[in-house]
Amino acid sequence: MSEEHRSQIYHTVSLIPEGKVASYGQIADLAGLPGRARLVGLYLKQHDPTRNLPWHRVVKSNGQIAFPNGSDKAIEQCQRIMSEGVLVNNNYIEMKKYKWDPDLTDILYRLAF
DNA sequence: AAGCTGACGAATG
DNA sequence: ACATTCGCCAGCT
């Protein structure tokens, strides 16, 4: 079951469109795992770099990048996300503007598989 | 097996 | 926008 959750989370993350971001909690919700935002973080930490998962499109619910400002990881995420046209101001992203709000019917269909 | 930890969240100043 | 506090929860040790 747990491995099922893992792949469900990865799959959900893979659906975040370029130029948009989602929060950890949002991914958990969509993956059918409400209340498990931290689990998303954990699995994302352990993701296989081989499959280029758009992990950089996941941030905190307030738009903050989860890594400490100035850290290598934060810088990398910053570059990746900005290369997709998303603006970042000292570790923060404007959620009003960039939050992914998937079409419900579409996302339900895509999550089914 | 009982804590500990953390790529979190919401609410408050 | 930033810091604190508290709640949360699964994986790790």
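Numbers restart at 1 for each chain; the letters A, B, ... are given by sequence-line order, proteins then strands. In what follows, every heavy atom counts, from backbone to side chain, and hydrogens, waters and symmetry copies are set aside.
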> Under 4.0 angstrom, heavy atoms only, what part of the nucleic acid is A/K60 near: base, sugar-phosphate, or nothing?
Replying inline: sugar-phosphate
Here the distance between atom C1' of C/dA1 and atom OH of A/Y92, to the nearest Å, is 6 Å
In whole angstroms, the gap separating P of B/dC8 from CG of A/L33 amounts to 16 Å
Here the distance between atom C1' of C/dC9 and atom OH of A/Y24, to the nearest Å, is 16 Å
*Quick one: sort the A/Y10 and A/H47 rings into parallel, tilted or perpendicular, breaks at 30° and 60°.*
perpendicular
Give a yes/no answer on whether the side chain of A/S2 brings an N or O atom under 4.0 Å of OP1 or OP2 in C/dG11. yes
Atom CD1 of A/I16 and atom C1' of B/dA7 are separated, to the nearest Å, by 13 Å
Rounded to whole Å, the CG-P distance (A/N62 to B/dG13) equals 18 Å
From CG of A/D29 across to C1' of B/dA10 the rounded distance in Å is 14 Å
Separation of B/dA10 atom C1' from A/R38 atom CZ, nearest Å, is 13 Å
CG/A/D72: more than 12 non-hydrogen atoms of other groups inside 6.0 Å
no
- same_hphob_cluster(A/M82, A/V21) at 4.5 Å side-chain heavy-atom cutoff: yes
> What is the nucleic acid contact for A/Q46, judged by heavy atoms within less than 4.0 Å: base, sugar-phosphate only, or nothing?
Replying inline: sugar-phosphate
Self-check item: Sugar-phosphate, base or nothing in reach of A/L39, heavy atoms under 4.0 Å
Solution: sugar-phosphate
Between the CZ atom in A/R36 and the OH atom in A/Y43, the distance rounded to the nearest 0.5 Å is 9.5 Å
Verify the neighbour count for atom CD of A/Q46: are there more than 12 heavy atoms of other residues, nucleotides or ligands below 6.0 Å?
-> yes
For this session: For C/dG11, take OP1 and OP2 only and decide whether either is under 4.0 Å from a side-chain N or O of A/Y43.
Result: yes
For this session: Would you classify A/R36 as touching base, sugar-phosphate or nothing, given that sugar-phosphate means primed atoms plus P, OP1 and OP2, and contacts are heavy atoms under 4.0 Å?
Result: sugar-phosphate
Rounded to whole Å, the NZ-P distance (A/K73 to B/dG6) equals 16 Å
